[in-house]
**Q** 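Starting off with a structure, shown below.
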Amino acid sequence: MHIRDGILGPEVCVAAAVVSACAVAYSLRRLRVDLEDRAVPLTGMMAAIVFAAQMVNFPLLGLPVSGHLLGGVLAAVMLGPWAGCLAISLVLIVQAVLFSDGGLLSLGANVFNMGVVGAWGGHAVYAALRRCLGTSVTATVSSAAVAAWLSVLAAAALFCFEFGLSSHSSGFDPSGVFTLMVVYHALIGIGEALITGAVLAFVLSRRADLIPAPTPLPAVRAVGQFGTAGLVAALAVAALLAPFKSELPDGLDAVSQQLGFASLETERPPLLLDDYAIPLPVEAWWSVSLAGMLGTAIVFVGAVLLARAVRWNTTPLTLADNTDV
Amino acid sequence: MTEPAILELRCLSFRYPNGRLALRDISCRVASRERVAVVGPSGAGKSTLLMHCNGLLPSPPVQQDGEAQVFVNGIAVTKPHLRETRRQVGFLFQDPDDQLFCPTVRDDVAFGPLNLGLDQHEVLARVERGLASVGMSGFTARNPAELSTGERKRVCLAGVFACEPSVLVLDEPTSNLDPRARRQLLTILRAFAGTLLVATHDLDFVIDLCDRVLVLDDGQVQADGPTERILSDPLIMDRHGLEVPWRLRGR
Amino acid sequence: MTEPAILELRCLSFRYPNGRLALRDISCRVASRERVAVVGPSGAGKSTLLMHCNGLLPSPPVQQDGEAQVFVNGIAVTKPHLRETRRQVGFLFQDPDDQLFCPTVRDDVAFGPLNLGLDQHEVLARVERGLASVGMSGFTARNPAELSTGERKRVCLAGVFACEPSVLVLDEPTSNLDPRARRQLLTILRAFAGTLLVATHDLDFVIDLCDRVLVLDDGQVQADGPTERILSDPLIMDRHGLEVPWRLRGR
Amino acid sequence: MSDSCSPDAGATASDTSLCHGLPADAKLSLTLLVVVVSGLIPLEHWPAQGLLLVAVFMALSLAGVTVRYLARRLALFLPALFVFGLSIPVASAEGLAWNWTLSLWLRCTVSFLAGLWLIHVLPLRELLSVLRRWHCPVVLIAMIGFMYRYVFILWDELRRLRSARDARDFGGASTWREWTISAQLIGLLLLRAMERAERTHRAMLARGWDGSIRSLDDDR
Ligand SMILES: Nc1ncnc2c1ncn2[C@@H]1O[C@H](COP(=O)(O)OP(=O)(O)OP(=O)(O)O)[C@@H](O)[C@H]1O
Ligand SMILES: Nc1ncnc2c1ncn2[C@@H]1O[C@H](COP(=O)(O)OP(=O)(O)OP(=O)(O)O)[C@@H](O)[C@H]1O
Ligand SMILES: [Mg+2]
Ligand SMILES: [Mg+2]
């Protein structure tokens, strides 16, 4: 998922960097910590955990591809959106500057896709879902799992969007890449969702105090939260619907026209579904929607099972814990 | 007491996040240059008490009247003053792994002096002296994680001594030390001119070093007095998971 | 020796990955039901030696002739036989944090018995007995990370006893234990019918428990003999960072 | 997780070469410059990109990076890039736009190698002091410092958990139990690491740490 230098145009990178820098600065302000607070080591440790987890690639359903944990939702659920965003940003900074994973110039884009949208957006989805589903273990775990899955799709969609905006991609129709990316990440996202859910379920069973419940918000902020959640979901849905774009209004084209990239349009070949030469066994839109439906189903079932398993394991112990105190 | 207290606890209570009440209403004063031992069964709250002297636990809810509960040299151990009080108090953790975190022994011992803002020269001299005093001079370049437990404990001690604090708060300094290192430590601590607060299960060590003993059990101070009197009292000792040491028996 | 050795080291040498030679050419035999203490200064190699008895270190390069160097009950402690030998040997780590890894005390003590394939009933009974013997019965549902160091040490001991091994290998069992827990441990170990190998700095404990002492220094066996003779020899003791215990002095 | 993926710290303080002697700010700015220039060169002008590649190679050899290390890193990096570069023209039904693909590969490789040069010559300590000079917030710098340290703590903790399990793993357990134990181990790793993080933080505070990065080697 890390975008390498050279893939996005420098203009897009710089724009993303500015946005990300502002987001990180805002996170820092909202967190309002000083060095003596435990938020400092905990954020550092969360970053280290995500960093370590990212070095482990998991094979994907036997396919010779592998992806890794983005961790945005995990961090945001455990530390809150602000520290979560910081933790993921730290991981990306350290990977870029000390391990040469990801790029220096595209650092901003990476932070935006995975840190800002992943943690802020993911947390908004999680909080909104939890508000609807309640505070039970099942609700927490499945909200987080769904948020994790959506955040991966959103990151993939954002990448496509950024790539489409880069000047050097003007010769190509990005929707083909779009399809590939979305199918691939719909599957990757399942891994992300299951890992996020499993870790949270475990932590909830042992140290529930480490996972703060989303606090009740004043009406205005609650609306903002639902709005952000909606945006992320919309982004993910847009990604899933992208292959149908010849029939639906083309969001990407509309945006590029408004932004003054209309000239690109003339160089585009005619868009027809049959023209896609995608190295997939089934037709593109089928594969995408299948992946989408399958992914959603697996994530939901997995999350519920996980939460169940945890409850089975711990019910007697939690009772004992309470009497002990 | 007319002498000003260098360390003072006023009705200190503390509850861990899991709900366990580890300290209940502890009050005590330690005068300058006093050597006090804190003894008691495991789980008595010794480590918890000692960590409060350095403000290492989430600050306890202050009392109703908003007053602090721990004072070092008259300064409240609360957030705004922590840096100041920590400069005066040297703290040894019970578990050496908690204390060592630098990549080499030298870096670890130098960590405190560097944070005191000393210059390179002075820092290096203190690292030398600290390590020499615990007999670990040859270990500067080693990785603390690759030392034996006793060696790690000694590096921790060197790190504390290198800061040259005026108050030493030591949690189980002799655990995992071999007899010779224990004797060296005893010699160093006897020569130490400041105030000393030691939590330990090694009662022989207490007899040799301290003039006052605080018996802690169940989070409360159960006895407080001169070493010989407390440690040779079979009633107190028995009730609180201790034993009258061999040397004080049959007197 | 005519008696079959339950634990045998044959020319055991071991080098840590960082190049440090921690054991040099150690040979020794421990007969069944013998109680042996391993003493020596810190860094002598005691923990390293003990860990070899349980195959916890990367197996040392076997000798030229391809022969193993550590045997338990005649079985080589090498990869293919590790499960077998570990069933017979109960191992206590020096640092309780190294040993505890389950989310609750009960799970941790039950871990070994469950892996022995015992049924639930028996496992629960052993957990009960193990915890009761170290005085920790009320702690089953607690999280080991939230215990005091001494309490953690006792949970570790319970975990070892619950497996009911025929050989006990204990690394510093008394460190961080309060005097009463130490006495309880002594009673348990005296009643224990199997073979015992204990590394410790607590020489009083050795006098009360063991019939044979092995002095280790610099990775080599420096002396090996009956407890009283070795521990009361000021020459040996002094040379290897030890001290003649108070009780054996002036004899 | 296996030991084979233990953290591979790039630069070490003991390395000495022409490049290591440069001021830290210069190292970082220079790399950024190369990456930006390489990004600005239009894809059609691949010869210019090639020149840049040669320059970066020279810098790498000056910094004393071994060919083996380079080969290892490139072997991990190139396949993914290869697939990506191919997928774009293929997926957009353009036929193979070889020029475009090759140029993109070249550009990405130049940036990647520049990054490798940087990690080889810039140790963490220098990075932190640069960030400090560039007015990065202290809290953020402290967090980076913590993160880097905690990666090693995490590995240490994993090793401890593993050997603790092994010591009492007598092999009588079912496969299902072994799986659940392994899964539990990962969850515990997280919890224990977080608890240990707090304790390490305490140890630093206990010895007067105030967030600044001080080192014995600073003035040498
Ligand atoms: N992190 C923690 N969370 C919750 N409870 C704790 C925690 N640490 C210790 N406790 C509990 O607080 C009480 C006091 O613990 P403390 O560590 O102060 O004991 P101690 O006197 O130092 O014992 P020892 O001699 O074994 O070191 C114990 O009952 C212990 O179980
Ligand atoms: N993980 C490791 N890597 C490298 N060297 C090590 C490691 N652990 C220990 N050593 C070294 O091996 C030697 C023996 O260590 P060991 O832990 O066996 O000593 P010990 O006799 O148990 O000491 P103590 O009484 O302090 O526990 C020491 O010199 C130590 O520095
Ligand atoms: Mg303690
Ligand atoms: Mg040892």
Side-chain angles (χ1 to χ4, degrees), chain B residues 16-20 22 39-48 93-98 134-136 138-139 142-143 145-154 171-172 174-184 199-204 217 237-247, chain C residues 16-20 22 39-48 93-98 134-136 138-139 142-143 145-154 171-172 174-184 199-204 217 237-247:
Chain B
Y16 274 106
N18 70 351
R20 179 149 297 253
V39 301
S42 14
K46 301 184 291 300
S47 303
T48 314
F93 286 77
Q94 184 165 9
D95 183 349
D97 284 332
D98 285 353
V134 295
M136 297 282 292
F139 288 69
R142 296 280 297 274
N143 176 353
E146 294 177 348
L147 296 178
S148 84
T149 318
E151 288 165 345
R152 260 178 280 164
K153 192 94 197 182
R154 277 145 74 188
D171 199 352
E172 286 284 355
T174 57
S175 76
N176 293 303
L177 282 193
D178 61 51
R180 190 196 295 156
R182 181 173 165 285
R183 173 136 318 267
Q184 280 175 351
T200 186
H201 294 302
D202 183 345
L203 300 182
D204 279 327
D217 196 357
M237 294 286 100
D238 259 25
R239 196 179 310 142
H240 302 298
L242 303 166
E243 276 181 349
V244 177
W246 204 257
R247 283 157 60 188
Chain C
Y16 274 105
N18 70 351
R20 178 148 299 248
V39 300
S42 17
K46 300 182 295 298
S47 303
T48 313
F93 285 79
Q94 183 164 12
D95 184 348
D97 284 331
D98 282 350
V134 295
M136 297 282 294
F139 289 70
R142 295 279 298 272
N143 175 353
E146 294 177 350
L147 297 177
S148 84
T149 317
E151 288 166 346
R152 262 178 280 165
K153 191 95 198 182
R154 276 145 74 189
D171 198 353
E172 286 284 354
T174 57
S175 77
N176 292 305
L177 282 193
D178 60 52
R180 188 197 296 157
R182 180 174 166 283
R183 172 137 317 266
Q184 280 175 352
T200 185
H201 294 303
D202 183 345
L203 301 182
D204 279 326
D217 195 357
M237 294 286 102
D238 259 24
R239 199 180 308 142
H240 303 298
L242 303 166
E243 274 181 351
V244 177
W246 206 256
R247 283 156 61 188

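So you know, we letter chains A, B, ... as the sequences are listed, proteins then strands, and number each from 1.
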**Q** Who wins among L177(B), D97(B), D238(B) for the most heavy-atom pairs under 4.5 Å with chain C?
**A**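 Max contact count across the listed options: L177(B).
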**Q** Which heavy-atom pair separates R239(B) from R180(C) by the least distance, and what is that distance?
**A**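 Smallest heavy-atom distance, with atoms named: O-NH2, 3.6 Å.
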**Q** Name the residue from K153(B), E151(B), R154(B) that meets the side chain to side chain donor-acceptor pair (under 3.5 Å) definition with S42(C).
**A**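 Looking at K153(B), E151(B), R154(B), the match for S42(C) under the side chain to side chain donor-acceptor pair (under 3.5 Å) is R154(B).
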**Q** Counting heavy-atom pairs closer than 4.5 Å to chain C, which one of N176(B), D95(B), T200(B), T48(B) comes out on top?
**A**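 Going by pairs under 4.5 Å, I would pick N176(B).
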**Q** List the atom of L242(B), the atom of P179(C), and the distance in Å for their closest heavy-atom pair.
**A**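 It is CD2-CD, 3.7 Å.
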**Q** Contact between R182(C) and H201(B) at the side-chain level, heavy atoms closer than 4.5 Å - yes or no?
**A**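 SC-SC contact between R182(C) and H201(B) ruled out.
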**Q** Look at K46(B), M237(B), Q94(B) and state which one has the largest set of heavy-atom pairs under 4.5 Å with chain C.
**A**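 Of the options given, most contacts go to Q94(B).
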**Q** Charged N to carboxylate O below 4.0 Å: is that the case for E243(C) and R183(B)?
**A**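 Answer for the salt bridge query: yes.
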**Q** Between CG of D98(C) and OG1 of T149(B), what distance do you get to the nearest 0.5 Å?
**A**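 Answer for the CG-OG1 pair, D98(C) versus T149(B), is 8.0 Å.
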**Q** So which part of D202(B) gets closer than 4.5 Å to some heavy atom of chain C, the side chain, the backbone, both or neither?
**A**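 It is neither, since no heavy atom gets under 4.5 Å.
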